[in-house]
Amino acid sequence: MIETLIHVLVIAGLIISALLVYWFRDLLAATLAAGVFSFLISLEFYILQAPDVAISQAAIGAGLTTAIFIIAIRSTSQYEGGGS
Amino acid sequence: MMDYFSPVAFILVALVFLAMVRLVRGPTPADRAVAVDTVNTLMVAVLILLGVVYRQIIFIDVAIVYALLSFVSTLFIAKYIGGDL
Amino acid sequence: MIAEILIVACLAVGSFFNILGIIGLLRFPDVYTRMHATTKMTTFGSVFTALAVIIYGVTAYLDSVNSQYAVLAIHTLIAAVALAFTNALGSHAIARGAHRAGIKPVQAVVDRLEEVGP
Amino acid sequence: MKRALVLVTFGILTGALLLIPGLLQFGIPAASDMDDYFLEHCQEQTAANNVVTSVVFDYRGFDTLGESVVLFTAVIGTGLMFRNMLKEEEYEDE
Amino acid sequence: MFWNLPFIAVVALSLIGLATIVIKKNLIKIFLGITIFESAVNLFLISLGYRAGGIAPIFTSAPSTDMVLATPQALTLTSIVIGVATSALLLSFAVIIWKKYGTINTDEIRRLRE
Amino acid sequence: MRMSKLVRTGADLLYPFALIFGLYIVLHGHLTPGGGFQGGAVVATGAAIVIVAWAYEDIAEMIRKVTMMAQESAGLLLFIGAAILALGFGYAFFYNVLANSGGLFGLPVAFGPNPGELDTAGVIPIMNIAVGIEVWGGLTIILLYLLSGLKKEEGT
Amino acid sequence: MTLVESLSTGTGFWNPLAWLIAVLVAAVIVYLIRQRGESGYKKGTTQTVPFISGNPEPEKEMVHVRASNLYWGYLDALKGYYNFIVPAHTGVLNDYVLWYLGTTAALFVVVVFI
Amino acid sequence: MIAFLVTFLLVFFIYLLLTAGSGSVGFWSASELIAGAGLGIVVAGITRKFLCRSDNYRMTNPLRFLLIPVYILGPFLIEVTVANIDVAMRVITGRIRPGILRVSSGMKTDLGIFMLANSITLTPGTITVDIDEETNDLFVHKINVTADEEGKTVTPARELFSFADIPAWIRRIAE
Amino acid sequence: MNGFLITHAPALLIMVPLIGAFVAPFVGRVSPKVRSAWIILIMTLTTLVALMLASDVFLHGTRIYVFGATSPGLTVPLDSGGIPIRIIFTIDAMSALMQVIAAVCGFAVLLYSISADRIHSGLESYYTLFLLMITGIMGMVSTGDFFNFFVFLEILSIASAGLIAYRIDGGLAVEAAIKYFVLSTIGAMAVLIAIGIYYGEYNALNIAMIASRMQFTLLDQVALVLIIAALAMKCGAVPLHFWTPDAYSMAPSSVTAMLVVASQASLYGLFRVVFTIYNLTLNAMTVGWIIIILGILSMVVGVTMAIPQKNVKRLMAYHAISQTGYMLLGVGVGLAVLGNQPLMESFGYIAMEGGIFHIINHAMYKGLLFLTAGAIFFRIGTYNLNRMGGLGHSMKYTMVFFIIGALAIAGIPPFNGYASKLMIYESVFAFNPVLAVIAMVVSILTLASFVKVFHSIFMGPRLPEFDTVQEAPMPMLVGMGILAAIVILFGLFPQAVVDTLIAPAAHALADQSGYIASVLGGA
């Protein structure tokens with residue numbers, strides 16, 4: 001039962017963090033929200049008994065993708081509006 | 001004695017939401033970075049606990065990977081905030 | 001029995017400190033003080049929950065000489081050590097970055113780093 | 001105008017995608033004969049304990065090759081983007 | 001109905017991702033939308049393979065009951081790596097665009113039209 | 001620019017740990033969750049820690065793009081080689097020739113739940129290693145390329 | 001009539017070699033007719049200069065018709081169509097994605113409800 | 001060469017820790033031992049320049065390694081607990097008086113300063129914000145600055161801790 | 001040895017270019033000569049393998065290759081209860097046809113590219129991506145496993161995107177690549193959702209297995225729409241064509257010629273899904289008309305957009321869209337009458353043959369046209385039609401090749417475009433006369449716009465700024481010559497081509513039960 005509740009919470013967190021990605025105008029914040037999203041989806045994989053995928057998502061989605069997004073933001077501009 | 005682990009995991013997952021409040025409100029990027037760091041820490045604890053709840057020893061490996069990898073994004077964010085990147 | 005009490009105690013301590021840490025994250029006025037709350041308390045709390053798992057593993061190993069419980073304990077230990085290690089370092093990195101970005105500590109009575117300059 | 005278009009499009013997409021939760025049951029796969037075969041025969045045929053790995057590298061190893069090639073392709077493409085251009089490569093606009 | 005929650009999450013996440021792609025004008029934001037969409041598809045695949053009460057498809061000392069299906073996990077692994085490859089290439093494109101155009105707003109990246 | 005001395009020291013300490021942990025995941029792909037991609041990604045993350053802690057100029061000497069590129073190609077060639085091995089024995093491409101053969105990684109595995117033994121699964125560990133090497137090189141080199149783009153931009 | 005060269009199209013057939021032979025025959029006829037023409041033509045004399053009401057002939061480079069001068073009338077006649085279709089190619093990425101999703105949605109409606 | 005050996009041993013030890021409980025040779029199976037040795041050589045070959053950046057092998061003394069768990073379970077744990085309770089009180093009451101201090105560490109090696117900084121970050125209401133790379137002085141954000149500390153330009157590291165002499169312990173371990 | 005090659009040819013078809021691609025970045029460091037030799041060697045081997053495999057398929061029927069089985073022909077393990085569990089390559093006549101197209105086109109384009117692109121930097125990566133692109137096409141057209149199809153689709157997308165963005169200095173190419181790549185990623189994800197739906201319903205990934213279990217439920221309709229939209233977008237059908245002119249005009253010419261083949265590989269995927277997975281279960285009239293309308297729209301919008309263009313490659317790109325419309329039209333008519341055997345016999349097969357014949361013809365002449373455009377660009381450095389003129393004096397061979405290509409695309413006998421268009425006209429006329437009339441009008445407009453191109457590039461006096469222009473170098477001419485020879489050959493002997501290549505392909509495409517039987521063994 002309590003696992004079910006955890007599951008529901010995680011899914012709610014997923015949707016909230018995805019909405020945050022949509023909502024933030026600061027790209028760094030959006031990337032951070034995407035990082036949280038990645039962690040949560042990895043937890044969701046873990047709950048769905050897919051540890052292989054959870055490791056993969058944690059390593060690639062949360063670690064490296066965030067890193068390369070931050071490098072790209074640094075190379076371009078931080079805010080949605082434009083100027084650096 | 002397995003019954004004690006899952007409620008704690010539930011509490012920790014719920015705490016993630018509170019941390020996300022700081023992610024939303026945080027006035028500076030550093031605040032958001034702290035919030036994300038906190039989420040990572042909580043998540044590792046949740047993973048360890050759930051690994052025991054599911055009685056799968058091998059699941060703990062995932063937690064180690066988490067603990068290592070969240071560090072990378074934290075470092076990148078910190079370096080970006082400091083303007084060194 | 002003792003093990004069970006220990007586990008419950010560890011879990012209680014862990015969740016207590018985690019909750020307090022999050023409250024601190026929400027309540028404190030600036031990034032450095034928030035970091036005090038999170039770095040110390042969530043790390044401490046998470047390590048304590050891990051400690052509960054370690055105790056569980058060790059007692060289960062002693063009960064049934066099944067090596068998988070020892071593996072559980074050892075891996076959890078590694079995870080906990082990695083967690084503490086990376087968290088301390090990460091919060092230092094964030095604090096340094098924040099200071100270099102020009103975020104002043106709120107209500108600070110003294111700021112020796114500011115005097116040194118970048 | 002465009003806003004209405006976006007709304008209509010997303011409305012229809014929502015309706016269409018909601019058929020997935022409407023018609024599929026979570027936790028109860030409609031059919032599982034292929035995967036049952038994997039779970040049963042993995043240990044004798046590939047001598048691996050991790051069924052996922054044996055699917056990834058043995059039963060569907062060719063997909064994995066393709067996946068590695070995808071990563072390789074992306075790396076080559078990224079390298080192509082950040083290469084040092086030669087002088088004589090001038091390309092006019094339009 | 002409640003048990004179909006992951007699928008509903010899949011629908012919601014895909015729509016959020018697609019909405020980000022369609023509505024937002026910033027390239028990096030669009031790429032974030034793409035990663036969300038990809039994650040939603042991955043979640044869809046994994047949810048397809050879940051069997052209620054099953055354990056991870058790895059033979060260990062754990063008590064053996066039903067196992068969840070293994071193939072979706074293999075497919076998702078492939079999909080995740082494809083996702084990171086896609087993101088890397090797209091971001092390098094964005095960096096080059098910034099260098100050449102000085103903007104990553106899609107309204108201004110339209111020298112090729114008609 | 002480098003990060004502070006503490007982070008650099010920590011990164012140097014963490015790098016061997018990340019490396020051995022990643023390789024552990026790679027090598028135990030057929031027993032525990034993980035495998036070539038995940039382990040390779042962990043190793044690449046270890047490299048990323050060092051890359052981010054030190055400056056790009058420091059790292060460019062130690063972790064060279066050419067080496068990483070060679071590593072990636074070598075991993076892929078090893079992968080294909082492991083798959084082609086089956087052709088030599090008259091089987092179809094990708095057949096697991098080494099499983100249950102008694103040679104390298106050739107021990108049979110006990111059926112049912114068991115903690116597993118490293119020396120099993122035939123060609124799968126070899127492919128895991130190959131993919132691990134490839135992903136290690138690939139992800140590291142993506143990071144290096146993106147960072148090099150950053151440097152070039154500052155130069156102009 | 002099942003020659004190898006002839007293409008049967010269900011209702012008939014077509015033979016490219018026969019067509020070629022016909023073209024050759026026509027070419028021969030044209031050549032014969034041409035042979036019957038005036039033979040006093042000489043290159044390099046005033047015979048080759050066009051007569052433009054006595055005006056001097058402009059330089060050849062000046063009178064070369066460039067690409068955008070062609071089909072002006074056609075484009076002008078179909079102005080209404082072109083005024084719609086050319087601006088549709090806006091060059092904005094979001095619009096393109098929206099076109100894709102919109103077409104998908106339209107196809108959903110068509111396929112699922114018909 | 002020493003660097004290689006040190007790295008190899010450390011890595012091999014970690015690998016053994018990770019694979020404990022796999023077989024009958026001690027806790028390990030023979031294949032794990034062989035694989036661990038092979039991986040150890042590979043990893044040592046790659047990371048020896050990173051791990052042993054300075055040619056200082058004082059840490060190779062095994063006694064120092066034995067001191068680490070003693071340190072962590074002894075004085076460090078006490079300090080951490082006290083610090084956490086302290087910060088917990090401050091979270092509840094909200095009474096804070098923050099400031100950034102300059103702390104003279106007295107450490108000479110990188111590892112020493114690293115351990116001290118991490119200990120400071122994890123323990124008593126303090127976070128290491130920055131480091132003066134020449135003098136190895138730490139800049140520490142303290143949540144509750146006393147009037148005494150406010151006056152001083154440089155605070156000794158010992159005074160940050162309440163019970164145990166953490167810097168001395170670290171000096172014993174790392175220098 | 002020969003038997004070994006024949007047996008393992010499907011695997012070698014993927015392996016040879018892959019190994020070539022893996023080694024190419026390092027071979028390139030030795031010297032440019034070695035690199036060229038290596039690439040040509042690999043491409044020659046690939047072409048030979050493809051031709052060998054295709055001849056085997058056309059002589060002996062569908063070839064099966066099971067990856068990872070004890071023997072390549074063991075599709076269904078004895079103890080599995082009749083389900084294929086491994087990845088299976090199923091190469092029937094249609095796949096073999098596409099392989100031949102890809103191999104021949106790739107070979108010609110590579111020969112051309114060796115000399116055309118030699119001044120650029122990053123060439124080892126360029127050729128690596130080129131080989132990977134060919135791998136992607138080969139994999140897409142040969143695979144019998146749906147997820148594998150997706151993987152190769154992604155390989156193709158990523159390699160194409162990298163190649164489109166090859167000329168990074170202006171930034172325009174990168175813009176085109178972003179548009180292409182974002183769209184194709186979304187499309188690929190849609191395909192993945194469809195794969196998930198199939199998997200969730202039938203627990204199968206093999207195309208034959210899905211086909212044999214197909215129920216055409218509501219979810220299958222959703223999957224069908226997702227796949228049709230995604231693959232139609234990848235092949236550039238209006239109104240999903242927006243990336244096409246950008247990408248085609250900004251990529252290097254040799255890449256553009258391959259992109260045409262890549263689009264057709266997507267087209268192949270579309271036909272494969274509609275005909276092999278669904279076939280009679282779907283509402284053939286509706287889906288057929290969807291494809292026909294997509295085709296009509298593509299034809300009309302493509303050609304009308306082409307006429308006012310000023311950039312020669314952009315113009316040709318719109319023509320590529322227009323010609324894709326013909327293929328969709330032909331095959332769509334075949335699909336619309338699929339269930340009706342008498343109509344199928346009277347004009348359905350002819351229409352499908354016309355559409356498929358047009359695929360191969362289009363690859364050849366559109367490749368040829370793009371190569372000539374590239375040759376012109378190679379010499380004068382611009383694609384802008386307004387600044388060209390009078391090149392017929394200096395680039396005679398290129399002009400001849402251009403004339404061949406232009407006449408072929410406009411459907412003038414005796415070139416191959418006429419043959420396939422004739423088949424499409426006649427059969428479509430039997431289906432619905434209005435469609436045939438539209439097709440003919442589009443053909444006329446095509447001719448008109450190529451008259452414009454021909455006039456503005458080659459006609460007119462020798463312009464002063466192009467005084468020093470010379471003929472394109474020899475390898476480029478050889479590359480173009482191969483394609484031109486094929487164009488003329490196919491135009492002169494259409495029935496032979498139709499009998500040997502096209503008709504088996506069309507029948508293989510329409511024959512779902514044969515496909516299933518070849519994989520599942522008569523089930």
Side-chain angles (χ1 to χ4, degrees), chain B residues 1-2 4-5 7-9 11-12 14-19 21-22 25-31 33-35 37-49 51-52 57-84, chain C residues 3-4 7-8 11-12 14-15 18-19 21-23 25-26 30-32 34-35 37-39 42-43 45-50 52-54 56-57 59-60 68-69 71-72 74-76 78-87 89-103:
Chain B
M1 60 183 120
M2 302 293 292
Y4 308 118
F5 289 112
V8 178
I11 292 171
L12 295 186
L15 288 182
V16 170
F17 281 78
L18 293 178
V21 173
R22 182 48 70 194
R25 291 186 44 195
T28 62
D31 288 296
V34 171
D37 204 26
T38 313
V39 171
N40 295 341
T41 313
L42 291 175
M43 213 78 91
V44 175
V46 172
L47 287 180
I48 292 174
L49 289 176
V52 181
I57 310 306
I58 47 179
F59 277 32
I60 307 293
D61 285 2
V62 186
I64 306 179
V65 174
Y66 254 74
L68 269 181
L69 298 194
S70 61
F71 185 52
V72 175
S73 51
T74 309
L75 278 190
F76 266 95
I77 294 162
K79 200 170 181 181
Y80 177 83
I81 293 170
D84 291 347
Chain C
E4 194 165 346
I7 288 171
V8 172
L11 286 176
S15 40
N18 270 325
I19 292 169
I22 299 291
I23 292 173
L25 177 69
L26 294 177
D30 74 330
V31 62
Y32 303 101
R34 279 171 202 148
M35 219 175 282
T38 58
T39 314
T42 50
T43 309
S46 303
V47 168
F48 255 84
T49 48
V53 176
I54 292 172
Y56 167 71
T59 47
Q68 57 158 325
Y69 291 108
V71 175
L72 172 71
I74 291 173
H75 281 214
T76 313
I78 291 174
V81 169
L83 188 63
F85 191 89
T86 56
N87 253 347
L89 214 49
S91 67
H92 158 67
I94 293 176
R96 183 171 187 262
H99 205 276
R100 287 172 76 94
I103 299 168

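Proteins come first, then strands; the chains are lettered A, B, ... in the order of their sequence lines, and each starts at number 1. All values below come from the heavy atoms of this structure, side chains included, with hydrogens, waters and symmetry mates left out.
Taking all atoms of both residues into account, the shortest heavy-atom contact from B:Arg22 to C:Leu26 is NH2-O, 2.9 Å. A pairwise comparison of heavy atoms in C:Leu89 and B:Phe71 identifies CD2-CZ, 3.6 Å as the closest pair. When all heavy atoms of B:Ile64 and C:Ala79 are compared, the pair lying nearest together is CG1-CB, 3.8 Å. Listed here is the closest heavy atom pair of C:Ala82 and B:Ala67: CB-CB, 4.1 Å.
In this structure, no portion of B:Pro29 lies under 4.5 Å from any heavy atom of chain C. Contacts of C:Ile23 with chain B are absent, with no heavy-atom separation under 4.5 Å from either backbone or side chain. Heavy atoms closer than 4.5 Å to chain C are found in the side chain of B:Thr28, but not in its backbone. Contacts between B:Val34 and chain C at a heavy-atom distance below 4.5 Å involve backbone atoms as well as side-chain atoms. The part of C:Ile22 that comes within reach of chain B is its side chain, from C-beta onward, which places non-hydrogen atoms under 4.5 angstrom from that chain. Heavy atoms closer than 4.5 Å to chain C are found in the side chain of B:Ile60, but not in its backbone.
The choice from C:Val81, C:Ile19, C:Leu11, C:Thr49 that makes the most heavy-atom pairs within less than 4.5 Å of chain B is C:Leu11. Put simply, of B:Val8, B:Val21, B:Asp31, the one with the most heavy-atom pairs under 4.5 Å next to chain C is B:Asp31. With chain C as the partner, the residue from B:Thr38, B:Ile11, B:Leu75, B:Leu47 showing the most heavy-atom pairs under 4.5 Å is B:Thr38.
We find the OG1-CG distance between B:Thr74 and C:Asn87 to be 7.5 Å, quoted to the nearest 0.5 Å. Distance check, rounded to the nearest 0.5 Å: OG of C:Ser46 to CD1 of B:Ile48 gives 8.0 Å.
Here the side chains of C:Val53 and B:Leu49 are in contact, with some heavy-atom distance below 4.5 Å.
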B:Ile77 vs C:Ile94, side chain to side chain contact (heavy atoms under 4.5 Å, CB included): CA-CA, chis, key distance, verdict
CA-CA 8 Å; B:Ile77 294 162; C:Ile94 293 176; 5.8 Å; no
